[in-house]
There are 2 protein chains.
Amino acid sequence: MTVLSIGELSKRSKVNVETIRYYERRGILPAPPRTRGGHRVYADEHLLRLNFIRRSRELGFDLVSVRQMLGMVDGGNMTCENIREIATAHLDVVRSKIADLKRMETTLYATVARGDGGGDPECPILEALFDGGSEAPRR
Amino acid sequence: MTVLSIGELSKRSKVNVETIRYYERRGILPAPPRTRGGHRVYADEHLLRLNFIRRSRELGFDLVSVRQMLGMVDGGNMTCENIREIATAHLDVVRSKIADLKRMETTLYATVARGDGGGDPECPILEALFDGGSEAPRR
DNA sequence: GGTACAACCTGTAGCGACTACAGGTTCAAC
DNA sequence: GTTGAACCTGTAGTCGCTACAGGTTGTACC
């Protein structure tokens with residue numbers, strides 16, 4: 001039965017003190033008991049939960065999804081199927097972000113590389129940015 | 001010498017009216033002349049510039065970089081070398097975002113796929129989120 | 001028991017790049 | 001002259017924090 005100040009919780013979870021309080025305000029981490037003076041007092045369960053949150057955030061889940069998943073765990077209404085749905089939806093989001101960034105990377109690299117060659121053209125990067133059409137690289 | 005209302009400029013550039021005004025406030029699009037009644041009146045040069053901004057944004061440049069590039073074009077102090085520096089730095093940022101997202105994708109996919117198999121384990125996704133360590137996927 | 005000072009508290013404002021109003025004015029067509 | 005879409009300004013909200021300001025509490029040491 002460990003007892004932790006917010007600072008100690010912060011160190012062990014590697015989550016910023018301000019962020020911990022922010023999670024509490026957002027209803028993602030439950031409000032812990034307080035000392036007589038008003039300081040927060042945490043227990044192991046909070047550390048566990050905070051680790052879950054950090055790990056989810058590292059994987060790119062937004063706080064709404066994190067709250068949903070934790071809410072399911074808390075209430076009895078949890079199905080692994082529901083959790084899987086959230087995770088799968090998020091995986092799709094991550095994959096489409098990767099696709100977007102790869103499209104950027106391709107166009108950017110082509111643009112930056114273009115001027116490397118011989119002559120002294122005005123500025124191929126600017127030209128590409130000025131006369132380019134919409135999103136999708138032409139061709 | 002085309003004359004455009006903000007609505008027409010918006011249609012042609014595919015940039016939201018509110019966003020156009022936002023760019024003006026941020027000093028990225030110059031404030032155009034007004035009608036007697038106070039409506040903004042744009043010319044072709046604004047469309048050109050706005051297309052540049054849109055295209056840069058689609059490639060992920062932030063507004064500070066866009067302003068820097070446009071500032072160089074406006075003042076005489078532009079070198080293609082400076083432009084290339086900005087673009088190359090941005091390319092690095094894009095590439096590291098891709099790397100981050102790929103790491104997420106790998107871990108996420110492994111996590112989601114884990115429970116597909118036979119038995120009826122509690123919930124492998126939750127387990128992974130609860131007992132996972134820091135950022136880097138182990139193994 | 002006193003004192004110093006780190007750690008804590010609340011509440012608010014800022015970031016970036018928009019978006020979405022509210023509440024009012026102007027323009028264009030008929 | 002009248003409608004009504006388009007425009008105007010200014011402000012607040014989004015997301016996930018981060019960074020104060022200005023005050024209070026906890027704790028270690030003498």
Side-chain angles (χ1 to χ4, degrees), chain A residues 3-29 31-42 46 49-50 52-70 90 93-94 97 100-101 104 135, chain B residues 3-29 31-42 46 49-50 52-70 86 89-90 93-94 97 100-101 104 135:
Chain A
V3 163
L4 300 166
S5 69
I6 197 170
E8 284 158 355
L9 182 65
S10 170
K11 264 178 215 144
R12 297 206 195 177
S13 61
K14 279 157 205 150
V15 174
N16 206 317
V17 168
E18 319 261 40
T19 305
I20 295 173
R21 287 196 282 248
Y22 172 72
Y23 289 159
E24 185 181 321
R25 279 202 303 285
R26 296 294 308 272
I28 286 154
L29 195 67
R34 305 283 184 119
T35 61
R36 257 156 299 143
H39 287 200
R40 291 171 177 80
V41 179
Y42 294 96
H46 292 99
R49 200 178 175 95
L50 197 48
F52 180 95
I53 300 168
R54 179 180 45 72
R55 181 115 180 104
S56 302
R57 294 286 306 124
E58 284 169 0
L59 291 176
F61 286 97
D62 57 23
L63 291 181
V64 170
S65 302
V66 176
R67 182 160 47 197
Q68 277 173 10
M69 292 192 285
L70 285 171
H90 177 56
V93 170
V94 169
K97 277 187 189 165
D100 285 351
L101 282 165
M104 286 182 201
E135 173 88 329
Chain B
V3 163
L4 300 167
S5 70
I6 197 170
E8 284 158 356
L9 182 65
S10 171
K11 265 178 216 145
R12 298 205 194 178
S13 61
K14 279 157 204 150
V15 174
N16 205 316
V17 168
E18 320 262 40
T19 307
I20 294 173
R21 287 196 281 249
Y22 171 71
Y23 288 160
E24 185 181 321
R25 279 203 301 286
R26 297 293 309 271
I28 286 154
L29 195 66
R34 305 282 184 121
T35 62
R36 259 156 298 140
H39 288 199
R40 289 171 178 81
V41 178
Y42 293 96
H46 292 100
R49 201 177 174 97
L50 197 48
F52 180 95
I53 299 168
R54 179 180 46 72
R55 182 117 180 102
S56 302
R57 293 289 304 124
E58 284 168 359
L59 291 177
F61 287 97
D62 58 22
L63 291 181
V64 171
S65 302
V66 176
R67 183 160 43 199
Q68 277 174 8
M69 292 191 286
L70 285 171
I86 293 174
H90 176 57
V93 170
V94 169
K97 279 187 188 164
D100 286 351
L101 283 165
M104 287 183 199
E135 173 87 328

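On a predicted model such as this, the values are computed, not experimentally measured, just so you know.
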Below 4.0 Å from chain B heavy atoms, what is the first contacting nucleotide of DNA chain C and what is the last? C:dA17 to C:dC27
5' precedence on DNA chain D between A:Ile53 and A:Gly38 (nearest-nucleotide basis): A:Ile53
Atom pair distance, as rounded to whole Å: CG in A:Leu50 and C1' in D:dC17: 14 Å
What does A:Arg21 touch in the nucleic acid at a heavy-atom separation under 4.0 angstrom: a base, only the sugar-phosphate, or nothing? base
Could you check whether A:Arg40 gets within reach of a base, just the sugar-phosphate, or nothing at all, counting any heavy atom under 4.0 Å? sugar-phosphate
Result for 5'-nearest mapping on DNA chain C, choosing between B:Tyr22 and B:Glu18, is B:Tyr22
Rounded distance (Å) that lies between atom P of D:dG26 and atom CZ of A:Arg36: 7 Å
Could I get the full list of salt bridge (charged side-chain N to carboxylate O under 4.0 Å, His left out) partners for B:Arg26, not counting sequence neighbours? none
Using a strict heavy-atom distance below 4.0 Å, which residues from residues 61-70 of chain A are in contact with DNA chain C? none
Distance, rounded to the nearest Å, where A:Ile20 contributes CD1 and D:dG16 contributes C1': 15 Å
Lys/Arg-Asp/Glu bridge criterion (N-O < 4.0 Å) met for B:Glu8, B:Lys11: no
Salt bridge (charged side-chain N to carboxylate O under 4.0 Å, His left out) against A:Arg49, all qualifying residues, sequence neighbours excluded: A:Asp74
At under 4.0 Å, does any side-chain N or O of B:Ser5 touch on OP1 or OP2 of D:dC7? yes
Side-chain contact test, heavy atoms from C-beta onward, threshold under 4.5 Å: evaluate it for B:Val66 versus B:Tyr23 and give yes or no. no
Going by the rule side-chain contact (heavy atoms from CB on, under 4.5 Å), which residues pair with A:Arg34 if we only count those two or more places apart in sequence or in a different chain? A:Glu24, A:Arg40
Which residues pass the salt bridge (charged side-chain N to carboxylate O under 4.0 Å, His left out) test with A:Arg57, sequence neighbours left out? none
Under the rule for side-chain contact (heavy atoms from CB on, under 4.5 Å), what residues qualify as partners of A:His39, not counting sequence neighbours? A:Thr35
For A:Arg26 and for A:Thr35, find the nucleotide of DNA chain D with the closest heavy atom, then tell me which residue's nucleotide is more 5'. A:Arg26
When the distance from OH of A:Tyr23 to C1' of D:dC17 is rounded to whole Å, what number comes out? 8 Å
Just to verify, what does A:Thr19 make a side-chain hydrogen bond (donor to acceptor under 3.5 Å, both in side chains) with, not counting sequence neighbours? none
With B:Gln68, which residues qualify under side-chain hydrogen bond (donor to acceptor under 3.5 Å, both in side chains), at least two apart? none
